[in-house]
Amino acid sequence: MPHPMGFAPPPPEVMAVTLTVNGVETTLQVAPWTSLLDALRLHLDLTGTKKGCDHGQCGACTVLVDGRRINSCLTLAVMQDGRSVTTIEGLASGDTLHPLQKAFVENDAFQCGYCTPGQICSAAGLLAEGKAKTDDDIRELMSGNLCRCGAYPNIVKAIRQVMGEGGA
Ligand code: FES
Ligand code: FES
């Protein structure tokens, strides 16, 4: 209901948001302006997801929401209420690495590792999308994930390896 004088009511200081994160349903009390990235890192201690630019430009914060890749710095946690979020911590099955994690290790697809969780989550989204057929497609569809160490050739090799194995 609009205020009779035209003033918007102040936002609540915290709001409840329920997320299923790596298979576990969790309800958080967050300020309405909390990004999904900050909710994961600061409220759930899931620090595998990295904050690079905080402006949607580097891809370090990529996670999967209902299976689709997303820059978690660009969305508010409350906008994802009720959804399933998968972070790098949720990709492995127990002690068994996700095929992409294994391929990144085998192909030496990282140097400092800062971009790597985002690269791997983004690659998981790319494989699920099923659009990449060639190395050029991989490069194009991974172009939102920057690597300051320049590990791009081996990142492409790792993704191609998993595509060749029939995806993940
Ligand atoms: S931290 Fe989200 S895109 Fe850079
Ligand atoms: S491995 Fe260092 S930024 Fe990509």
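Start at 1 and go down the list; that is how both ligands and their atoms are numbered. Computed from a predicted structure; not experimentally measured.
- Contact detail for L74 and H55: the closest heavy-atom pair is CD2-C, 4.0 Å.
- A heavy-atom distance below 4.5 Å is found between the side chains of N22 and T86.
- Listed here is the closest heavy atom pair of A109 and N154: CB-O, 3.5 Å.
- In the vicinity of C147, heavy-atom distances shorter than 4.0 Å reach the ligand 2 atoms 1 (S), 3 (S), 4 (Fe).
- Given atom 3 (S) of ligand 2, the protein heavy atom at minimum distance is R148 N, 3.3 Å.
- Ion pairing between K157 and D108 fails under the 4.0 Å rule for side-chain N and carboxylate O.
- In this structure, the side chains of E129 and R69 come closer than 4.5 Å at one or more pairs of heavy atoms.
- Near D54, meaning under 4.0 Å from one of its heavy atoms, ligand 1 places the atoms 1 (S), 4 (Fe).
- Here S122 contributes atom OG and L141 contributes atom CG; the two are 9.0 Å apart, rounded to the nearest 0.5 Å.
- Of all the listed residues (C115, C58, G113, A109), C115 holds the heavy atom that lies closest to atom 4 (Fe) of ligand 2.
- Each of the atoms 1 (S), 2 (Fe), 3 (S) of ligand 1 lies under 4.0 Å from some heavy atom of C61.
- Which parts of ligand 1 touch G56 is read off a 4.0 Å heavy-atom cut-off, strictly below it: atoms 3 (S).
- When side chains are defined from C-beta on, L36 counts as touching L19, because their heavy atoms get closer than 4.5 Å.
- By the neighbour-count criterion of 12 heavy atoms within 6.0 Å, atom CD of Q29 is densely surrounded, having more than that number from other residues, nucleotides or ligands.
- Listed by number with element, the atoms of ligand 1 under 4.0 Å from a non-hydrogen atom of G52 are 1 (S).
- In summary, C149 places no N/O/S atom under 2.8 Å from atom 4 (Fe) of ligand 2, failing the contact criterion.
- The shortest contact between atom 1 (S) of ligand 2 and any protein heavy atom is with Q111 N, 3.2 Å.
- Counting atoms of ligand 1 from 1 in the listed order, those under 4.0 Å from a heavy atom of C73 are 1 (S), 2 (Fe), 3 (S).
- Numbered from 1 in the order shown, with element, the atoms of ligand 1 that lie under 4.0 Å from a heavy atom of Q57 read 3 (S).
- Residue C53: an N/O/S atom is found under 2.8 Å from atom 4 (Fe) of ligand 1.
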